[in-house]
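Encoded as structure tokens, the structure appears first; notes follow it.
Hydrogens, waters and symmetry mates play no part in the numbers below; they use all other heavy atoms, side chains included.
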Amino acid sequence: MTMQRELTTTILLSALFFLLTPELIPVSEAVWLTIPKTGTKCVSEEIQSKVVVLADYLVISDEHSIFPTVSLKVTSPYGNVLHHSDNTTHGQFAFTTQESGTYLACFEAVGNSHGNKDVSINLDWKTGIAAKDWDSIARKEKIEGVELELRKLEGAVEAIHENLLYLKTREAEMRIVSEKTNSRVAWYSIMSLGICILVSGSQILYLKQYFERKKLI
């Protein structure tokens with residue numbers, strides 16, 4: 001009976017926790033992409049450093065006689081290639097982010113394999129705690145039930161804490177940039193005002209000398 005109450009409490013706390021903090025917990029995101037017959041289609045996400053990213057992709061074909069293939073390139077914020085594949089219909093890639101920023105996954109239809117039609121792709125993109133294999137963790141550490149749910153909550157709390165620290169750092173960086181921009185705008189305004197006063201004084205002096213030469217004043 002006590003075990004059942006603990007399980008119910010854990011489930012309720014888990015549901016409440018995930019409902020109250022949906023923006024702070026990294027989640028799995030399934031994306032349906034339509035790649036044009038010419039050109040590329042990219043998916044991007046801003047991710048902090050030291051975060052696990054796991055993604056599965058599958059080319060969807062409405063015609064059984066046509067099996068379109070695509071090429072995929074995943075790049076880091078600094079342009080480093082993290083994953084690259086050609087002439088593929090499905091696959092998986094995983095990596096751990098080394099720097100914070102926007103990570104990019106670009107798909108491109110290959111040759112004429114698509115029958116001169118757009119190509120559809122299903123992309124399942126997971127980051128952070130959503131990329132963890134909890135079944136494997138449970139088997140490896142021999143935990144289940146309430147203990148497993150508590151481990152998931154612990155992982156979610158750690159993810160939220162790291163995300164808050166990242167947001168705090170980004171806010172500080174943006175504040176510094178904003179302060180520098182405001183300072184530069186203020187100096188530019190002062191310089192513009194000074195130039196306007198100097199030009200106005202020069203014009204007044206020139207007109208005064210001109211009128212004196214013409215003996216108008």
(message) Ignoring hydrogens, what is the shortest heavy-atom contact between Gly101 and Tyr166? Give both atom names and the distance.
(response) N-OH, 4.3 Å
(message) To the nearest 0.5 Å, what is the distance between CD on Glu212 and CG on Leu207?
(response) 11.0 Å
(message) Distance check, rounded to the nearest 0.5 Å: Leu165 atom CG versus Ile160 atom CD1?
(response) 12.0 Å
(request) Verify the cluster assignment for Leu104 and Val70: are they in a single hydrophobic cluster under the rule of side-chain heavy atoms below 4.5 Å apart? (result) no
(request) Specify the closest pair of heavy atoms between Ser100 and Ser49, including all atoms of both residues, with the distance to one decimal. (result) OG-N, 3.1 Å
(request) Mind checking the CG-CD1 spacing from Leu58 to Ile121? Nearest 0.5 Å is all I need. (result) 8.5 Å
(request) Determine whether Val51 and Phe93 fall in the same hydrophobic cluster, where Ile, Leu, Val, Met, Phe, Trp and Tyr are linked whenever their side-chain heavy atoms lie under 4.5 Å apart. (result) yes
(request) For residues Thr88 and Val59, report the shortest heavy-atom separation together with the two atoms involved. (result) O-CG2, 4.2 Å
(request) Take atom NE2 of His90 as the centre, draw a 6.0 Å sphere, and report whether it contains more than 12 heavy atoms from other residues, nucleotides or ligands. (result) no
(request) Enter the distance from Thr34:OG1 to Ile60:CD1 here, rounded to the nearest 0.5 Å. (result) 11.0 Å
(message) Do Ile197 and Ile204 land in one hydrophobic cluster if side-chain heavy atoms of ILVMFWY residues count as linked below 4.5 Å?
(response) no
(message) Is there a path of hydrophobic side-chain contacts, each under 4.5 Å between heavy atoms of I/L/V/M/F/W/Y residues, joining Val52 to Ile47?
(response) no
(request) Over all heavy atoms of both residues, which pair between His83 and Leu72 is shortest? Give the atoms and the distance, please. (result) CD2-CD2, 3.6 Å
(message) Could you check whether any side-chain heavy atom of Tyr103 comes within less than 4.5 Å of a side-chain heavy atom of Ser44, counting everything from C-beta outward?
(response) no
(message) Can a donor-acceptor pair be found, under 3.5 Å and without considering hydrogens, that links the side chain of Thr97 to the backbone of Gln48?
(response) yes
(request) Please answer whether the main-chain N or O of Val53 pairs with a side-chain N or O of Thr127 as donor and acceptor at a distance below 3.5 Å. (result) no
(request) Looking only at non-hydrogen atoms, find the nearest pair between Pro68 and Thr89 and report the distance. (result) O-CG2, 3.4 Å
(message) Measuring from atom CD of Glu108 to atom NZ of Lys41, what distance do you get when rounded to the nearest 0.5 angstrom?
(response) 14.0 Å
Report, one line per pair, each donor and acceptor closer than 3.5 Å where one atom sits in a side chain of residues 175-189; sequence neighbours left out.
{"residue": "Arg175", "atom": "NH1", "partner": "Glu171", "partner atom": "OE1", "Å": "2.8"}
{"residue": "Arg175", "atom": "NH1", "partner": "Glu171", "partner atom": "OE2", "Å": "3.0"}
{"residue": "Thr181", "atom": "OG1", "partner": "Val177", "partner atom": "O", "Å": "2.8"}
{"residue": "Asn182", "atom": "ND2", "partner": "Ser178", "partner atom": "O", "Å": "3.2"}
{"residue": "Ser189", "atom": "OG", "partner": "Val185", "partner atom": "O", "Å": "2.9"}

(request) Treat each ILVMFWY residue as a node, draw an edge where side-chain heavy atoms are under 4.5 Å apart, and state whether Val31 and Ile35 are in one component. (result) yes
(request) Kindly indicate, with the supporting measurements, whether the criterion side chain to side chain contact (heavy atoms under 4.5 Å, CB included) is fulfilled by Phe107 and Val119. (result) CA-CA 10 Å; Phe107 294 88; Val119 179; over 6 Å; no
(message) Distance check, rounded to the nearest 0.5 Å: Glu162 atom CD versus Leu164 atom CG?
(response) 10.5 Å
